[in-house]
Amino acid sequence: LYTLKNRYNGKPLPKVHIADLRLELEQGNDSAISYPLQDAIGQTMQQGKQTVLFLNRRGNSRALVCVDCREAPECPRCSARLTYHSANERVMCHYCGYSQPVYQRCPRCGGPLKRIGTGTQKVQQELQTLFADLEVARMDADTVNAANTHEHILDRFKEEHVPILLGTQMVAKGLNLPNVTLVGVLDADLSLYNDSFRAAENTFNLLTQVVGRAGRGESSGRAMIQTMVPNHRVIELAAKQDYDAFYELEIGLRRVQGLPPFGDITQITFTGQDEASVLRGAAKFRDSLRACLNMPEYKSDDCTVLGPAPCFVPKINYNFRYSLTLRCKMNKPLRLLLAHLLRQFSPGGIQTEAQFPGQGGQNRVGKGARLHAGLPAQDGDGAIIDGEALVGHDQAGVKLHAVAQSRAVRAGAEGIVEGKTAGLDLGNTDPAVRAGKALAEPQLLRMETARSRQAYAVDHRKQARLRCC
């Protein structure tokens with residue numbers, strides 16, 4: 001194992017200070033910028049240097065809440081609150097893009113609306129209030145477009161010596177700005193508490209990366225991390241840039257819980273506009289999977305199937321979302337088993353245990369569900385799992401996604417699991433392989449026909465352009 005123990009230019013790492021936001025609230029400061037960070041920004045400007053501020057949330061405020069009835073405007077398409085954007089005075093859903101004008105009063109009770117939370121737009125306004133005539137370059141999904149690209153914003157920041165660059169993850173990695181001597185992380189807790197077991201790892205990586213933007217030139221750098229939990233071990237280690245200690249902490253927790261790299265987590269998500277059908281389909285798939293795992297061939301694998309449970313965002317763009325979680329050491333037989341069960345929803349492979357009940361009638365191949373399977377692959381498997389097919393009941397309208405997280409690189413390509421494209425022996429006695437044998441030849445024929453048609457169309461367009469010239 002090769003380690004890089006020194007910075008590329010031989011400069012020391014920035015000195016990091018942790019600002020306790022609880023003390024700021026006790027002192028009456030409820031803004032996004034603590035008093036120590038305000039002083040540091042002022043000193044940096046006096047020295048003719050530049051500052052990078054990082055906040056991983058765009059928009060003005062996280063939500064608008066009624067003071068009287070405490071209701072917050074929600075997206076009609078998703079189960080998420082609308083985010084307030086002050087630039088166009090609208091509230092927007094960051095999942096489906098829905099937006100509407102801001103109400104002056106609560107539409108339910110007529111009470112006043114209060115803005116809660118902080119986004120990059122609000123921080124920009126606070127900076128311009130604290131420092132008169134301050135120019136701030138903001139880089140997030142709301143400001144970056146075809147006319148105002150990343151390169152344009154960064155070139156303007158460097159060439160015109162804009163005092164502050166404020167942004168989301170776009171400013172956290174890969175930037176070499178020699179004149180930047182101060183980095184401020186406005187809310188280090190945003191990524192620390194989420195639904196991913198990699199929350200601590202992602203927070204540590206994000207903090208160490210953004211802190212490293214300071215002091216890359218001749219002048220030394222410093223950084224300030226604002227947090228509500230200054231004694232959190234991950235925050236402390238990120239401030240010290242102590243990767244070895246963080247690794248020992250995180251690897252111990254994952255070993256106890258059986259998380260990667262000691263085990264694999266596969267999440268299968270079911271989505272559809274009929275919530276009852278989605279939930280019943282997920283439950284039937286779970287029962288089928290558990291029945292297979294109880295067979296003698298798989299009992300030694302010690303697999304646990306959790307769910308179905310609502311996803312972190314239960315509804316997006318009118319589609320309800322439920323998921324199953326499979327926790328085990330994902331080996332080749334288990335991958336083939338899971339692929340075999342998923343393939344029951346493909347044309348010619350509909351099975352009763354994989355049905356999606358609708359409103360009357362029998363399950364049959366037709367318009368309904370779409371299947372996407374993304375499973376972990378390992379060297380030698382030759383599995384290609386990213387097939388798509390229209391299947392299910394006419395009334396079901398269920399969409400099935402299988403998304404896997406594992407140590408291995410995810411396999412994705414056009415085609416099916418078994419067959420000639422997968423490099424597997426179609427004469428294999430494994431049930432999952434035999435099940436794919438009947439589907440392999442017609443599917444390959446359709447794939448070759450589609451490729452031929454596509455090649456013909458491309459060639460035809462090339463000839464047309466040559467004739468025009």
Side-chain angles (χ1 to χ4, degrees), residues 13-62 116-140 157 161-172 175 177 179-192 203-204 206-217 219-232 234-241:
L13 292 171
K15 296 181 179 179
V16 182
H17 173 72
I18 299 177
D20 191 347
L21 293 180
R22 297 172 301 179
L23 299 178
E24 296 295 315
L25 292 175
E26 293 176 359
Q27 298 173 9
N29 180 20
D30 60 350
S31 69
I33 306 171
S34 62
Y35 289 140
L37 183 57
Q38 293 179 23
D39 296 338
I41 293 175
Q43 296 173 5
T44 303
M45 293 172 57
Q46 292 178 358
Q47 297 170 359
K49 301 299 181 179
Q50 294 173 294
T51 301
V52 170
L53 297 180
F54 167 70
L55 177 63
N56 201 21
R57 176 182 285 141
R58 63 188 178 100
N60 185 286
S61 301
R62 187 171 72 247
I116 62 172
T118 302
T120 51
Q121 287 184 2
K122 186 176 182 180
V123 174
Q124 185 178 21
Q125 295 172 357
E126 292 181 355
L127 287 170
Q128 293 170 343
T129 301
L130 291 171
F131 304 96
D133 302 325
L134 175 69
E135 186 177 6
V136 178
R138 181 161 61 91
M139 190 162 69
D140 54 31
F157 176 72
H161 297 283
V162 178
I164 296 178
L165 175 64
L166 168 67
T168 54
Q169 289 192 48
M170 300 178 184
V171 304
L175 301 182
L177 305 170
N179 201 43
V180 171
T181 59
L182 174 64
V183 166
V185 180
L186 301 184
D187 193 346
D189 308 332
L190 282 179
S191 59
L192 193 57
T203 300
F204 181 87
L206 203 57
L207 292 179
T208 53
Q209 286 286 335
V210 70
V211 165
R213 300 311 99 197
R216 302 177 70 87
S219 302
S220 60
R222 55 178 173 164
M224 192 164 298
I225 299 176
Q226 299 184 164
T227 175
M228 285 285 188
V229 284
N231 297 326
H232 198 287
V234 174
I235 302 293
E236 291 179 342
L237 294 177
K240 297 177 182 178
Q241 304 260 336

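All residue numbers in this chain count up from 1 along the given sequence. Because only heavy atoms are used, hydrogens play no part in the values below, and waters and symmetry mates are left out as well, while side chains stay in.
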Item to check | Residues that Leu13 engages under side chain to side chain contact (heavy atoms under 4.5 Å, CB included), provided they are two or more places apart | outcome: Arg7, Gln241
Checklist entry - Is a side-chain N or O of Glu24 found less than 3.5 angstrom from the main chain of Tyr35, in a donor-acceptor match? => result yes
Item to check | Where Leu21 and Leu186 come nearest, the two heavy atoms and their spacing | outcome: CD1-O, 4.3 Å
Item to check | Contact check, side chains of Leu37 and Leu53, non-hydrogen atoms, under 4.5 Å | outcome: yes
Checklist entry - Are Gln38 and Ser31 close enough, and set up right, to give a side-chain contact (heavy atoms from CB on, under 4.5 Å), and what steps lead you there? => result CA-CA 11 Å; Gln38 293 179 23; Ser31 69; 4.1 Å; yes
Next on the checklist: Before you tell me yes or no, could you show the steps for Gln169 and Leu206 under side-chain contact (heavy atoms from CB on, under 4.5 Å), namely the whole-Å CA-CA distance, both residues' side-chain angles and the distance that decides it to 0.1 Å?
Outcome noted: CA-CA 8 Å; Gln169 289 192 48; Leu206 203 57; 4.0 Å; yes
Item to check | Check: Leu55 and Thr118 side chains under 4.5 Å, non-hydrogen atoms | outcome: yes
Checklist entry - Looking at Arg138 and Gln121, what are the two nearest heavy atoms and their distance? => result NH1-CG, 3.4 Å
Checklist entry - Side-chain contact, heavy-atom cut-off 4.5 Å: Leu177 with Leu165? => result yes
Checklist entry - What distance separates Leu237 CG from Leu207 CG, expressed to the nearest 0.5 Å? => result 11.0 Å
Item to check | Spacing of Thr51 atom OG1 and Asn179 atom CG [to the nearest 0.5 Å] | outcome: 9.5 Å
Next on the checklist: Could you tell me if the side chain of Met228 sits less than 4.5 Å from the side chain of Leu25, heavy atoms only?
Outcome noted: yes
Next on the checklist: Quick check: do Asp189 and His232 have side-chain heavy atoms less than 4.5 Å from each other?
Outcome noted: no
Checklist entry - Do Phe54 and Val183 touch side chain to side chain, with heavy atoms closer than 4.5 Å? => result no
Next on the checklist: Please find the pair of heavy atoms, one from Arg222 and one from Ala40, that lie closest to each other, and give the distance.
Outcome noted: NH2-O, 3.5 Å
Checklist entry - Sequence neighbours excluded, which residues qualify as side-chain hydrogen bond (donor to acceptor under 3.5 Å, both in side chains) partners of Gln125? => result Asn60, Ser86
Checklist entry - Taking the side chain as C-beta and beyond, is there a heavy-atom pair between Val180 and Phe157 under 4.5 Å? => result yes
Checklist entry - How many angstroms lie between CZ in Arg22 and CD in Gln27, if you round to the nearest 0.5 Å? => result 13.0 Å
Checklist entry - Quick one: CZ on Arg57 to OG1 on Thr168, what's the gap to the nearest 0.5 Å? => result 12.0 Å
Checklist entry - What's the spacing between Met170 CE and Asn56 CG if we round to 0.5 Å? => result 10.0 Å
Checklist entry - If every non-hydrogen atom of Lys49 is compared with every non-hydrogen atom of Thr181, which pair is closest and at what distance? => result CB-OG1, 3.3 Å
Next on the checklist: Which heavy atom of Ala188 sits nearest to which heavy atom of Thr203, and what is that distance?
Outcome noted: O-CG2, 3.9 Å
Checklist entry - Is there a donor-acceptor pair closer than 3.5 Å between any side-chain N or O of Thr120 and the backbone N or O of Gly167? => result no
Next on the checklist: Return the CD to CD1 distance between Gln226 and Ile18, rounded to the nearest 0.5 Å.
Outcome noted: 11.5 Å
Checklist entry - Does Val136 reach the side chain of Val162, with side-chain heavy atoms less than 4.5 Å apart? => result no
Checklist entry - Looking only at heavy atoms, which two atoms of Ser34 and Ala19 are closest? And how far apart? => result OG-CB, 4.0 Å
